[in-house]
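First up is the structure itself, then whatever we jot down about it.
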Amino acid sequence: VKTEVSSAVYYLADDGERYAFPNENVYFSWNADFDDVHTISVEDMSDIEFGGTVEYQSGSSLIKIPSVPVVYALESDGVLRAIEDEEQAESLYGEDWASQVDDLSEAFFPQYEVGEPLEDGEMPEGYVLEDVEGDFCRVDAAGDCLEVDDLVSEEQEEFYDEWAEDFEEIQDGLL
């Protein structure tokens, strides 16, 4: 939701509170467009308690903060896993990996938790892969790739296709 007097967009959660998207990059890690955003009155918005900010969706992009050159993969629950070097980044995200890096404002960095760096050959939780048949899978906490095609709509498949990595290319890069 949003109001007529502000461009800020909020997610209305099941807990009844609203959570702000800190920027468009975070918003687009969850949504393909603004079609489902509804405008409500300022009075109605003020009746909804503010719960905090929305974090990037795990597996959707790489992030860093402007003052530190470390690039992180995003996992669920706001856990950041450092990518050791350009070789590791390229093996996981392809030659254009640097174009997938978003700068996160340092004001929002404390809401994330820095975990252990990714090990060689390890895929981060939330990582989305697409196989040659166009099927999608998402890496779980155990490192297994679970097929998600049955869980997503056609529109969500188009959305996943925007940031899914090619399974065969990644497999070749990790071997």
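With sequence neighbours excluded, no residue forms a salt bridge (charged side-chain N to carboxylate O under 4.0 Å, His left out) with Asp44. Looking at residues two or more places apart in sequence or on another chain, you find a ring pair (Phe, Tyr, Trp, His ring centres under 6.0 Å) between Phe21 and Tyr27. Residues meeting the salt bridge (charged side-chain N to carboxylate O under 4.0 Å, His left out) test with Glu75, sequence neighbours left out: Arg81.
When the side chains of ILVMFWY residues are joined at heavy-atom separations under 4.5 Å, either directly or via intervening members, Leu12 and Val37 end up in two distinct hydrophobic clusters. Val54 and Phe50 fall into different hydrophobic clusters, defined by Ile, Leu, Val, Met, Phe, Trp and Tyr side-chain heavy atoms under 4.5 Å apart, directly or through other members. A single hydrophobic cluster is not seen to contain both Val79 and Val68; linkage of ILVMFWY side chains at heavy-atom distances under 4.5 Å, directly or through other members, places them apart. Linking Ile, Leu, Val, Met, Phe, Trp and Tyr whenever their side-chain heavy atoms come within less than 4.5 Å puts Phe34 and Tyr19 in one cluster.
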**Message:** Assess the residue pair Gln111 and Thr53 against the criterion (side-chain contact (heavy atoms from CB on, under 4.5 Å)); give the C-alpha distance rounded to whole Å, side-chain angles, the decisive distance to 0.1 Å, and a yes or no.
**Reply:** CA-CA 9 Å; Gln111 80 184 48; Thr53 57; 2.4 Å; yes
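When all heavy atoms of Gly16 and Ile48 are compared, the closest pair comes out as O-CG2, 3.6 Å. Closest non-hydrogen pair, Ser46 versus Glu43, comes out as OG-O, 2.7 Å. When all heavy atoms of Pro110 and Ala107 are compared, the closest pair comes out as CD-O, 3.7 Å.
Ser76 and Glu125 share a side-chain donor-acceptor pair at under 3.5 Å.
Counting heavy atoms of neighbouring residues, nucleotides and ligands inside a 6.0 Å radius, atom CD of Glu84 exceeds 12 of them. Residue-environment remark: CG (Asp77) stays at or below the threshold of 12 foreign heavy atoms within 6.0 Å.
Side chains of Gln88 and Asp120 form a contact here, defined as non-hydrogen atoms less than 4.5 Å apart. Taking 4.5 Å as the limit, every side-chain heavy atom of Val101 sits out of range of all side-chain heavy atoms of Ser61. Using a 4.5 Å heavy-atom threshold, the side chains of Leu74 and Leu80 count as touching.
Residue pairs meeting the ring pair (Phe, Tyr, Trp, His ring centres under 6.0 Å) criterion with at least one partner in residues 94-115, sequence neighbours excluded, are absent. Applying the salt bridge (charged side-chain N to carboxylate O under 4.0 Å, His left out) rule to pairs touching residues 9-25 yields nothing, sequence neighbours excluded.
Atom CD of Glu106 is separated from atom CG of Leu104 by 8.5 Å, given to the nearest 0.5 angstrom. In this structure, Tyr93 OH and Gln100 CD are separated by 7.5 Å, a value rounded to the nearest 0.5 Å. The CG atom of Asn23 sits 8.5 Å away from the OG atom of Ser105 when rounded to the nearest 0.5 Å. Note that the CG atom of Asp36 and the OH atom of Tyr11 stand 12.0 Å from one another [nearest 0.5 Å]. Taking CD of Glu55 as the start and OG of Ser29 as the end, the distance is 10.0 Å to the nearest 0.5 Å.
Taking a 4.5 Å side-chain heavy-atom cut-off between Ile, Leu, Val, Met, Phe, Trp and Tyr, the cluster of Val5 extends to Val42.
Screening Asp102, Leu92, Ile83 for a side-chain contact (heavy atoms from CB on, under 4.5 Å) with Leu62, the sole residue that qualifies is Ile83.
The backbone N or O of Asp33 sits nowhere less than 3.5 Å from a side-chain atom of Asn31 that would complete a donor-acceptor pair.
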